[in-house]
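Data block below; observations after.
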Amino acid sequence: MSALNDRADGADGADGAGGADGVRIGVVTFPGSLDDRDALRAARTMGAEPVPVWHADDDLHGVDAVILPGGFSYGDHLRTGAIARFARVMDAVRAFAADGGPVLGICNGFQILCEAGLLPGALIRNRSLSFVCRWVNLRTENPSGIGVDWPDGEVVQIPIKHGEGQFVADAAVLDRLEADGRVALRYCSPAGEVTEAFNPNGAARAIAGIRNEAGNVVGLMPHPEHAVDPDLGPTGGQLVLGWLLGAAQAHRRARTQARVTV
């Protein structure tokens with residue numbers, strides 16, 4: 001634990017030492033967010049500069065990527081993410097995503113992205129009606145679509161902890177996600193087999209993570225921020241956060257090139 005804490009000193013401020021070519025990762029805190037500090041520390045552990053963003057902020061403070069973290073945002077008693085999607089900062093998140101900026105929604109963040117219309121489908125109560133908290137195996141699928149490495153068929157371990165993680169959508173939406181290669185992660189066995197025995201929440205087609213049409217917005221139920229430090233266990237989360245850093249660098253290069261061209 002101390003190794004991670006040492007690397008995470010100052011993770012709650014926006015003036016970190018930077019890294020990963022100075023990539024700045026913004027983490028939005030909503031009332032009720034639980035894993036925002038973990039996401040800030042994970043960003044620093046991966047070599048980025050973590051930048052706290054408050055739900056009432058008007059802008060994203062010039063970040064290169066955004067994380068909507070897990071937790072239990074205000075209004076979840078109505079429907080998960082249903083009220084948080086109206087937060088002032090979400091206007092900035094929508095504009096950022098529309099401009100090609102990479103956005104990662106984790107657990108409650110995934111729910112908020114669906115409620116905000118940035119991703120299709122919805123997350124409902126687990127089929128067992130019980131909260132689940134354990135390590136799971138996930139199979140990566142389909143390239144990211146934005147020129148950033150995303151392996152196909154790799155099995156990684158990342159923990160889950162949710163009561164409303166069952167991804168659902170109508171058959172037409174599910175078929176479109178499959179046809180367009182927008183399923184990013186699926187629950188699977190250690191060998192990569194997709195069966196109901198390894199589906200922890202009853203998600204449709206064992207879907208654990210999806211992306212938008214452009215490929216720059218990703219939502220997933222597992223918690224990659226808890227799986228980046230080898231001192232603490234498996235490091236499957238490095239793949240997800242590595243994608244985010246790569247997408248952030250690509251987006252920043254594109255913005256720089258656009259300014260130079262103008």
Side-chain angles (χ1 to χ4, degrees), residues 20 42 45-47 65 67 70 102-107 109-110 113-114 118-121 123 126-127 132 134-162 165-169 171-230 232-251:
T45 299
M46 291 293 294
I67 295 176
V103 178
L104 177 66
I106 302 170
C107 196
F110 186 6
L113 289 176
C114 290
L118 290 170
L119 290 174
L123 287 305
N126 297 340
R127 184 180 297 171
V132 293
R134 64 175 184 266
W135 289 89
V136 296
N137 298 292
L138 300 148
R139 190 177 75 193
T140 62
E141 298 192 9
N142 303 305
S144 68
I146 56 174
V148 180
D149 184 47
W150 184 271
D152 191 10
E154 183 173 334
V155 177
V156 296
Q157 279 190 304
I158 301 177
I160 57 172
K161 49 174 185 174
H162 57 252
Q166 182 182 180
F167 178 75
V168 295
V173 170
L174 292 171
D175 289 344
R176 190 160 60 249
L177 288 172
E178 300 277 11
D180 294 344
R182 292 167 55 193
V183 176
L185 292 168
R186 267 186 239 269
Y187 301 109
C188 69
S189 73
E193 301 166 324
V194 176
T195 69
E196 280 303 302
F198 292 94
N199 187 340
N201 51 40
R205 305 186 188 182
I207 292 173
I210 61 172
R211 57 176 66 93
N212 67 344
E213 291 183 7
N216 63 304
V217 178
V218 172
L220 69 163
M221 218 1 81
H223 285 264
E225 76 278 16
H226 297 318
V228 297
D229 193 316
L232 302 178
T235 56
Q238 290 185 4
L239 182 148
V240 177
L241 292 174
W243 166 83
L244 186 66
L245 264 63
Q249 291 169 325
H251 179 59

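We're numbering straight along the sequence, starting at 1.
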Can any side-chain N or O of Asn199 pair as donor or acceptor with the backbone N or O of Ala203 at less than 3.5 Å? yes
Return the CD1 to OG1 distance between Ile158 and Thr235, rounded to the nearest 0.5 Å. 9.5 Å
Leu244 vs Val218, test: side chain to side chain contact (heavy atoms under 4.5 Å, CB included). Steps then yes/no. CA-CA 9 Å; Leu244 186 66; Val218 172; over 6 Å; no
Min side-chain heavy-atom separation Arg205-Asp175 under 4.5 Å: yes
At their closest point, which heavy atom of Pro159 faces which heavy atom of His226, and how far apart are they? CG-CB, 3.8 Å
Are the charged groups of Arg186 and Glu178 less than 4.0 angstrom apart, N to O? yes
Which atom names give the shortest non-hydrogen contact between Asn137 and Ser189, and what distance separates them? CB-O, 3.8 Å
Donor-acceptor pair, Asn126 side chain versus Gly165 backbone, under 3.5 Å? yes
Is it true that the side chains of His162 and Asn201 contain a donor and an acceptor less than 3.5 Å apart? yes
Run Asn216 and His251 through side chain to side chain contact (heavy atoms under 4.5 Å, CB included) and show every step you take. CA-CA 9 Å; Asn216 63 304; His251 179 59; over 6 Å; no
Closest approach of Pro234 and Gln157, non-hydrogen atoms and distance? CG-OE1, 3.5 Å
With a 4.5 Å cut-off on side-chain heavy atoms, are Lys161 and Cys107 touching? no
The reported gap from OH in Tyr187 to CG in Leu138 (rounded to nearest 0.5 angstrom) is 7.0 Å
First locate atom CG of Leu177, then atom CD of Glu213, and finally report the distance between them rounded to the nearest 0.5 Å. 9.5 Å
Residue pair Leu185 / Arg139, side-chain heavy-atom distance below 4.5 Å: no
Step by step, would you call Asp152 with Glu141 a side chain to side chain contact (heavy atoms under 4.5 Å, CB included)? CA-CA 5 Å; Asp152 191 10; Glu141 298 192 9; 4.1 Å; yes
Are any non-hydrogen side-chain atoms of Glu154 and Leu239 less than 4.5 angstrom apart? yes
Would you please test Leu118 and Val103 for side chain to side chain contact (heavy atoms under 4.5 Å, CB included) and show each step? CA-CA 10 Å; Leu118 290 170; Val103 178; 5.7 Å; no
Less than 4.5 Å apart, any side-chain heavy atom of Val217 and any of Leu113? yes
side-chain contact (heavy atoms from CB on, under 4.5 Å) partner of Cys188, chosen from Thr195, Thr140, Val194, Val136: Val194
Minimal heavy-atom distance between Gly236 and Val156, with the atoms involved, is CA-CB, 3.9 Å
Any chance you could measure Asn142, atom CG, to Asp180, atom CG, to the nearest 0.5 Å? 10.0 Å
Starting at CG of Leu220, measure out to CG of Leu119 and round the result to the nearest 0.5 Å. 10.5 Å
Smallest heavy-atom separation, Phe198 atom then Pro200 atom, equals O-CD, 3.3 Å
If I take atom CD1 from residue Ile207 and atom CG from residue Leu174, how far apart are they, to the nearest 0.5 angstrom? 5.5 Å
Examine Arg211 relative to Trp243 and say whether NZ or CZ is less than 6.0 Å from the centre of the six-membered ring and inside a 45° cone about the ring axis. no
Taking every non-hydrogen atom, the tightest pair across Ile210 and Pro120: CD1-O, 3.7 Å
